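Values below: every heavy atom of this structure, side chains too, minus hydrogens, waters and symmetry copies. Just so it is clear, the model here is predicted, and its values are computed rather than measured. In this chain, numbering begins with 1 at the start of the sequence shown.
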Amino acid sequence: VQLQASGGGLAQAGGSLRLSCAASGFTLAHYAVGWFRQAPGKEREGVSGISATGTRTYYADAVKGRFTISRDNDKNTVTLQMNNLKHEDTAVYYCAAEKFSGSRWFELSPEAYEKWGQGTQVTVSS
């Protein structure tokens, strides 16, 4: 049972990267998925999230209009398309999954998530 994040790398400012979060050993379609990032010396922060059904999405103000989250439940994956990258987007990016119930479909706090991917480095040169 694991999540695997991939797709990070080096990009120039203004460029694009596409991150993928793939689940194995469990059905990702039952889980909300969040993308988080952690820059050196900073706390892990929520970047984007998507509900289990894919009908609701969340974006932090810092990435709104530049990042797009989507999911393919048939392929058990969630994707984060990152466009117009900025130097300040440099961080290790993690995906996380959790089952929320009732009115909760996403949580910004990393502590709310039990399943985590290993992280993928994104470096944006200015």
Is the shortest heavy-atom distance from the side chain of [X] to the side chain of [Y] under 4.5 Å?
X     : Y     : answer
Leu3  : Phe26 : yes
Val78 : Trp35 : yes
Thr79 : Ser70 : yes

Distance-minimising heavy-atom pair for [X] and [Y]:
X      : Y      : answer
Asp89  : Arg66  : OD2-NH1, 2.7 Å
Leu80  : Ser48  : CD1-CB, 3.9 Å
Gly119 : Ala5   : N-CB, 4.4 Å
His87  : Val124 : ND1-O, 2.9 Å
Ala60  : Gly46  : CB-O, 3.6 Å
Ala11  : Ser16  : CB-O, 4.4 Å

Check whether any side-chain N or O of [X] sits under 3.5 Å from a backbone N or O of [Y] as a donor-acceptor pair, and report yes or no.
X     : Y      : answer
Glu98 : Glu114 : yes
Arg71 : Ala32  : no
Thr57 : Ile50  : no

Hydrophobic clusters here meaning ILVMFWY residues chained together by side-chain heavy-atom distances under 4.5 Å, can you tell me if [X] and [Y] are in one?
X      : Y     : result
Trp116 : Val92 : yes
Tyr94  : Leu17 : no
Leu28  : Val1  : yes

Taking atom [atom1] of [X] and atom [atom2] of [Y], what is their separation to the nearest 0.5 Å?
X      : Y     : atom1 : atom2 : answer
Asn73  : His30 : CG    : NE2   : 8.5 Å
Ser126 : Leu85 : OG    : CG    : 12.5 Å
Tyr93  : Cys21 : OH    : SG    : 14.5 Å
Asp72  : Thr77 : CG    : OG1   : 5.0 Å
Leu19  : Gln81 : CG    : CD    : 8.5 Å

Look at Asp61 together with Lys64 and state whether they make a salt bridge at an N to O cut-off of under 4.0 Å.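 Lys64 and Asp61: salt-bridged.
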In plain terms, say whether Arg37 and Glu45 are close enough for a salt bridge, that is, a side-chain N and a carboxylate O under 4.0 Å apart.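 Salt bridge flag = yes for Glu45 with Arg37.
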Please test Ser6 against Gln4 for side-chain hydrogen bond (donor to acceptor under 3.5 Å, both in side chains), starting from the C-alpha separation and ending with a verdict. CA-CA 7 Å; Ser6 62; Gln4 184 165 2; over 6 Å; no
Tyr113: partners by ring-ring contact (aromatic ring centres under 6.0 Å, His included), with sequence neighbours left out: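 ring-ring contact (aromatic ring centres under 6.0 Å, His included) list for Tyr113, sorted by chain: Phe36, Phe100.
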Side chains of Ser109 and Glu107: is there a donor and an acceptor less than 3.5 Å apart?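 No pair is found: no donor N or O on one side chain lies under 3.5 Å from an acceptor on the other.
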Please determine whether side-chain contact (heavy atoms from CB on, under 4.5 Å) holds for the pair Gln121 and Thr90, giving the CA-CA distance in whole Å, both sets of side-chain angles, and the decisive distance to 0.1 Å. CA-CA 8 Å; Gln121 176 69 47; Thr90 296; 4.1 Å; yes
Applying ring-ring contact (aromatic ring centres under 6.0 Å, His included) as the test, list every pair that has at least one member in residues 54-76; sequence neighbours left out.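 Residue pairs passing ring-ring contact (aromatic ring centres under 6.0 Å, His included), neighbours aside: Tyr58-Phe106.
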